[in-house]
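Source: prediction; values computed, not measured. Below, each value reflects all heavy atoms present in this structure, side chains not excepted, and no hydrogens, waters or symmetry copies. Below, chain A is the first sequence line, B the second, and so on; all start at residue 1.
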Amino acid sequence: MIAFLNLLGVAVFAVAGALAAVRRGLDVFGVGIIAIVTAIGGGTLRDLLLGVAPVGWVREPDALLVASAAGLVTFFWVRHRPMPERLLNLADAAGLALFTGLGCAKAQASGAHPLVVPVMGMLTGAAGGVLRDVLCAEVPLIFRREVYATAAILGGCAYVVLFGIAGADAALLAAVALTLVVRLAAIRWHLNLPAHADGAHHG
Amino acid sequence: MIAFLNLLGVAVFAVAGALAAVRRGLDVFGVGIIAIVTAIGGGTLRDLLLGVAPVGWVREPDALLVASAAGLVTFFWVRHRPMPERLLNLADAAGLALFTGLGCAKAQASGAHPLVVPVMGMLTGAAGGVLRDVLCAEVPLIFRREVYATAAILGGCAYVVLFGIAGADAALLAAVALTLVVRLAAIRWHLNLPAHADGAHHG
Amino acid sequence: MIAFLNLLGVAVFAVAGALAAVRRGLDVFGVGIIAIVTAIGGGTLRDLLLGVAPVGWVREPDALLVASAAGLVTFFWVRHRPMPERLLNLADAAGLALFTGLGCAKAQASGAHPLVVPVMGMLTGAAGGVLRDVLCAEVPLIFRREVYATAAILGGCAYVVLFGIAGADAALLAAVALTLVVRLAAIRWHLNLPAHADGAHHG
């Protein structure tokens, strides 16, 4: 079940990454690479920081295959179809929620400090998109987007609180649900965190 | 004592990172993330390369807490105050010197080759700022700035030379002092390394 | 022999990285850093992902020395000479082919899944250049260049197929040769993978 949810998240993020790469005019190989990086970058970074070696997909490359396939299908699909922006936002929120929950579970299992568990959940959910944007030489969307990583941090805190009270399964469920609800609410009502309006003029 | 110096360096770098993020108009969450990345990015990269697993802050997240707090305080502080540029340059130089010395000590203790010890010191001191600039999609300041990483390399060489002669404590002290003096001198007299003036027109 | 081929690849990539850095007007230190990152970045990333700790050059820094030396010689050389563009393209293709073969061999030896071996070969050959471009805040050349990483993937597939049939040496030879031939053919006839011509106007 967890393996299935993970591959679902991989596929969703690969599609989102591929669409971003197509928009930037990359060739079919570039689109595939960006799809893979978006889909497995967060989990890879988490594994490196936790000291899980080798990282997950070196021995069991299912995620690599699913991400490549999803990226290529997307590349050829959008040749003839308009981009389903709305569906994509929903799917990306679902991927963020799934990866956040699964990342928290992996961090908890590896003995990370309770304060670090939500950080690892957030990295798992959000770092793939950051890597994608860095490779495209853009300021990561996450820094400009409605409550995104914040939703993951909130979900991760729910994980830590519930893990002690109600066990691992309830904690995972709560983390996924809370991240999803907060992110969808942020999309629906365009919630943003405060920024200095005159940022660009400082210094 | 070493733990205290380390947290001091973390706080200083977090403030410098937060100011850079505010200048670019990021929201409060983005400012916090950039502050953390600037403050612990260098040590994290060093730990990964040395094979220290999991990286330091996964089990003992003091640095994470100090960096977040320093980043948030900075965010709200600069709303009402001008930026203390001059103090900041001094503090950043102090952070560079501290992290260079501590990075050399950690590399030495983990059995790195003597030629690699100064490289690890320099990475510990300078890589956090490089990561910050990469996340902001800018050419890292370090590549355009008065003698910065070079100061760290010189400090690191002092560490290696003195470690064999005078022991670990004297080596640490010398590395911190030399890095600081070289960096402050570079700021004071605007020292720069040679570059090809016609760089942009080549090729 | 393998160690010699590896250092040859390091030198070639360091020269290519240094030339790219000179073009961007970096100072002598920046040029040295970019040369090193280009030359050893791919192998470092591969070692991190495979869980080889510490990464190769921490204990035996030959590659670090060769890359620094090649970068500095290049910096001073181009002051007085035109850039040998054509030779450089050949040399870069040779570096890509060597690193791809050696990366496949290392991944195979560390127990990576057969599908992952070509990916590690490609990362070893191409990730250094990607890191260089990211540090220079540019969209990686690899995403815009004639069949580059694709040549490495093809070479890596040849490695996996031949490893079972003809042994490690023949597999290494075939991977290097196929990568080199495909890449040189792509340069010669300007082969490109398909992209969406209207990429920039999507979304």
Side-chain angles (χ1 to χ4, degrees), chain B residues 44-55 106-108 110-120 122-123 126-127 129-131 133-154 160 186 191-203, chain C residues 16 18-34 36-37 40-41 43-45 47-65 67-68 72 74-85 88 130-139:
Chain B
T44 300
L45 181 59
R46 178 203 58 212
D47 284 356
L48 287 177
L49 295 173
L50 290 176
V52 175
V55 299
K106 201 149 185 185
Q108 179 74 46
S110 86
H113 189 283
L115 280 170
V116 174
V117 168
V119 175
M120 287 295 161
M122 185 268 282
L123 278 179
V130 170
L131 278 174
D133 294 338
V134 164
L135 286 179
C136 295
E138 298 185 356
V139 175
L141 209 56
I142 189 187
F143 292 140
R144 308 214 165 264
R145 209 178 206 179
E146 302 94 349
V147 177
Y148 190 88
T150 314
I153 288 283
L154 291 176
V160 174
L191 305 181
N192 281 293
L193 293 178
H196 289 203
D198 57 342
H201 305 294
H202 258 93
Chain C
L19 287 178
V22 166
R23 273 192 200 121
R24 279 139 190 161
L26 301 191
D27 66 25
V28 62
F29 177 85
V31 170
I33 288 282
I34 296 286
I36 292 173
V37 165
I40 70 176
T44 300
L45 181 59
D47 285 356
L48 287 177
L49 295 174
L50 290 177
V52 175
V55 300
W57 51 268
V58 167
R59 295 264 160 83
E60 289 170 22
D62 325 18
L64 215 57
L65 286 175
S68 325
L72 293 183
T74 304
F75 181 83
F76 292 108
W77 177 269
V78 294
R79 200 169 277 242
H80 307 295
R81 313 260 171 170
M83 292 207 197
E85 298 282 347
L88 213 107
V130 170
L131 278 174
R132 175 196 61 210
D133 294 338
V134 164
L135 285 179
C136 295
E138 298 184 357
V139 175

Item checked: Considering all heavy atoms, the nearest Leu49(B)-Val58(C) contact -> O-CG2, 3.6 Å

Checklist line | Residue Ala137(B) versus chain C: region with a heavy atom under 4.5 Å | finding: backbone

Check: Can you find a heavy atom in the side chain of Val147(B) that is under 4.5 Å from one in the side chain of Phe29(C)?
Finding: no

Margin query: For chain C, which candidate among Leu48(B), Ile142(B), Val134(B), Leu50(B) shows the most heavy-atom pairs at distances under 4.5 Å?
Written below: Leu50(B)

Notebook entry, point to check: Roughly how far, to the nearest 0.5 Å, is NE2 of His113(B) from CG of Leu65(C)?
Noted result: 8.0 Å

Next item on the list: With a 4.5 Å cut-off on heavy-atom pairs, point out which of Pro61(C), Ala53(C), Ala20(C), Gly56(C) contacts chain B the most.
Entry: Pro61(C)

Margin query: Please classify the contact of Ile34(C) with chain B as side chain, backbone, both or neither, using a heavy-atom distance under 4.5 Å.
Written below: side chain

Note to self: Please determine whether side chain to side chain contact (heavy atoms under 4.5 Å, CB included) holds for the pair Val119(B) and Leu64(C), giving the CA-CA distance in whole Å, both sets of side-chain angles, and the decisive distance to 0.1 Å.
What the structure shows: CA-CA 10 Å; Val119(B) 175; Leu64(C) 215 57; 4.0 Å; yes

